[in-house]
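Accompanying notes for the structure given below.
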Amino acid sequence: MRILMVCLGNICRSPMAEGILRKKSLEAEKKWIIDSAGTSNYHTGEAPDIRAIQKAAKYDTDISGLRARQFETSDFDKFDLILAMDENNYNDILNKARNEFEEEKVRMILNFSRPGKNLNVPDPYYGGDAGFEEVYKL
Ligand code: 4NP
């Protein structure tokens, strides 16, 4: 299974989601391929936001080595599941899909824990620590 986490900047939500899933896959001894990307290029090449690094570290997840990159159409060839953090990410990714098979790979991440509700993982970038805590928990 190849899974790609996607948010806007690839420095807050999707790196945290990538780190969490990497940890879970190790614990479950799964050989999943896991990555993350942003729909924007605002932070390409940057490490995750220090607040995201510190929040993940609090829960024994090291995401400090990750680097931001932009989502690209070829990601549809490289991944089986593309998990959007919010509805803007979801629509931006879907707009790049070339066919129904690729559209089918794109899901709202919280629909796995709260089926059918299309809930967003809120963007924590302009908020405080509580937002990052909420993102990690979600
Ligand atoms: P992310 O958060 O999408 O969870 O990585 C953001 C990071 C940067 C910006 C917005 C959201 N920005 O506008 O630069």
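Read the numbers this way: they start at 1 and go in the same order the structure lists the ligands and their atoms. No experiment lies behind these values; they were computed from the predicted model shown.
For the salt bridge (Lys or Arg N to Asp or Glu O under 4.0 Å) with Arg2, the lone residue among Asp80, Asp35, Asp75, Asp77 that qualifies is Asp80.
Both tests pass for Arg51 against the ring of Tyr125: distance under 6.0 Å to the centre and angle within 45° of the axis.
When hydrogens are left out, the protein atom nearest atom 1 (P) of ligand 1 is Cys7 SG, 3.5 Å; that is the closest non-hydrogen contact. Looking only at protein heavy atoms, the nearest one to atom 6 (C) of ligand 1 is Tyr125 CB, 3.6 Å.
At least one N/O-N/O distance between Leu8 and ligand 1 falls below 3.5 Å. In terms of N/O distances under 3.5 Å, ligand 1 is approached by Asn10. Not one N or O of Tyr42 is nearer than 3.5 Å to an N or O of ligand 1, by distance alone.
Residue Tyr126 touches ligand 1 through its side chain alone, judged by heavy-atom distances below 4.0 Å. With a heavy-atom cut-off of 4.0 Å, Val135 does not touch ligand 1 at all.
By the rule that hydrophobic residues join a cluster once side-chain heavy atoms approach within less than 4.5 Å of another member, Leu94 and Val6 end up as members of one cluster.
Environment of OH in Tyr59: crowded, with over 12 heavy atoms of neighbouring residues, nucleotides or ligands closer than 6.0 Å.
Contact record, Phe76 with Ile93: CZ-O, 3.5 Å, taken as the closest heavy-atom pair.
For atom 14 (O) of ligand 1, the candidate residues are Met5, Glu46, His43; the nearest heavy-atom contact is made by His43.
Under 3.5 Å, the side chains of Asn89 and Asp86 contain a donor-acceptor pair of N or O atoms.
Using a 4.0 Å cut-off between charged side-chain N and carboxylate O, Glu72 and Lys78 make a salt bridge.
Near Asp123, meaning under 4.0 Å from one of its heavy atoms, ligand 1 places the atoms 2 (O), 6 (C), 10 (C), 11 (C).
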